[in-house]
Amino acid sequence: MEITKIVLKSGKDQSLLRFHPWVFSGAIKKIYGNINDGDTVKVYDNKDNFLGIGHYQIGSIAVRILSFTDQEINAEFWENQIIKAIEFRKKLGFFDNKNNNVFRLVHAEGDMLPGLIIDYYNGNVVMQLHSVGMYKNIETIVETLKKVLGDDLKSIYNKSDKTLPHKAKININNGYLYKESKNNIITEYGYKFKIDWIDGQKTGFFIDQRENRKLLEKYSKNKNVLNVFGYTGGFSVYALGGGAKLVHSVDSSAKAIDITNENVNLNFKDTTNHKAFAVDAFEFLKNIDDKYDVIILDPPAFAKHHKVLHKALQGYKKINTRAFEQIKKGGILFTFSCSQVVSKENFRNTVFTAAAISKRNVKILHQLHQPVDHPINIYHPESEYLKGLVLYVE
Ligand code: SAH
């Protein structure tokens, strides 16, 4: 089949020449022939030089590049790319680790597989497709996972009904694509967590906070800890494990609070040091006085696209100001943003502003981001989506 050709406007080839894997719709000069969402296309500069091959999709990001060399995108290509992603995790020691059996197996652009997220929960694989191109190749991806993971693979669950672009009008139901599994208790740094990949948020767990939760453990001994936007209570479990005197978890979702209590109970049966509140974080933070030595703020992505960036930054400013104003003297604030459109600088400036409003002296102890199983593609700064600061508040 003839592959559709896309030619870019003069000067619009620069980002691709620097291996950034996105072509924005405004950069396109001409599309030759018929084109459909999810088609594989070849991209050329204005002088007919090949730039890359990738998936086309109607929208602001028109092409997601799969390869910067002129090659066929066939079953062999998918197999090679997925093997590369798995070998990378093997090299880093993620397989056969009794202390930890949950990690990200494929991280989209970070693994040069834009549009594909695969998380690994002790042999259960949960997949989220973000592009029509990936959706069209779902069978090949499943076959490759079966072949490459072999006996380690317990199930493959597809959870893409909300991640595929709704404009594409794909009728997709979530469900198992290979076997079924109820074996959903995982281990992270020795702690147990129950993962609900069917009804939970994202693929069921925020794996990307693993190392940051581990860091919190170190700062929790004998402390009063407040975990805001707690979801499954990951930070709360580590705080308890680190010897916190008291841990409070806050999430507006009653379901998240139930999961938090369950996870706390899995690790610290009948502990009286933990309490969870199903309330709005903005309300809760109005009046916490100086009860807490350590506060974690890990809100959902306030901004999903650039148009709402300003409003999102206001949200970060508000919650951080409240934390700075009330945290105990000598307290420690863990504050995060997981919005891809909020840059590191934007986030840091916003937290600075919040600190200044509170008039407290603040020292930066750690600057955090996502862990190595969520690799950052050096040519794609957007893949560094998780930003965090650990701050000492005098
Ligand atoms: N810290 C978590 C991940 C947080 S995800 C972890 O380590 O796993 C963000 C969470 O914020 C979600 O669980 C969502 O239910 C919750 N949330 C969203 N808006 C909220 C609000 N206004 N008040 C409280 N919680 C909120």
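Just follow the structure's listing: the first ligand is 1, and inside any ligand the first atom is 1.
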Nearest-contact summary for atom 23 (N) of ligand 1 - protein heavy atom, Å: A281 N, 2.8 Å
With sequence neighbours left out, write down each residue that passes salt bridge (Lys or Arg N to Asp or Glu O under 4.0 Å) with K5, or none if nothing qualifies. D48
Please write down residue, atom name and distance for the protein heavy atom closest to atom 6 (C) of ligand 1. R213 NH1, 3.7 Å
Give the other cluster members for I31, using side-chain heavy-atom distances under 4.5 Å between Ile, Leu, Val, Met, Phe, Trp and Tyr residues; answer none if it is isolated. I6, L8, L16, L17, F19, V23, I28, I35, V41, V43, L51, Y56, I58, V63, I65, F68, M112, I378, Y379
Atom 22 (N) of ligand 1: the protein heavy-atom neighbour that sits closest, reported with distance to 0.1 Å: D280 OD1, 2.8 Å
Backbone, side chain, both or neither: what part of I296 comes under 4.0 angstrom of ligand 1, heavy atoms only? neither
Tell me which one of P300, G234, S252, S253 gets a heavy atom nearest to atom 24 (C) of ligand 1. S252
For atom 5 (S) of ligand 1, what's the nearest protein heavy-atom neighbour? Residue, atom name and distance, please. F206 CZ, 3.6 Å
According to the interplanar angle, ranging from 0 to 90°, do the rings of F268 and Y191 count as parallel (below 30°), tilted (30 to 60°) or perpendicular (above 60°)? tilted
Quick check: does any side chain N or O of E109 sit under 3.5 Å from a backbone N or O of P114, one acting as donor and the other as acceptor? no
For the backbone of K387 and the side chain of K344, can you confirm whether one donor and one acceptor N or O come within less than 3.5 Å of each other? no
Would you say the side-chain atoms of Q81 and K84 include a donor-acceptor pair closer than 3.5 Å? yes
F235 contact mode with ligand 1 (heavy-atom cut-off under 4.0 Å): side chain
For atom 2 (C) of ligand 1, what is the closest protein heavy atom, and at what distance to 0.1 Å? D298 OD2, 3.4 Å
Give the residue, atom name and distance (to 0.1 Å) of the protein heavy atom nearest atom 14 (C) of ligand 1. D251 OD1, 3.5 Å
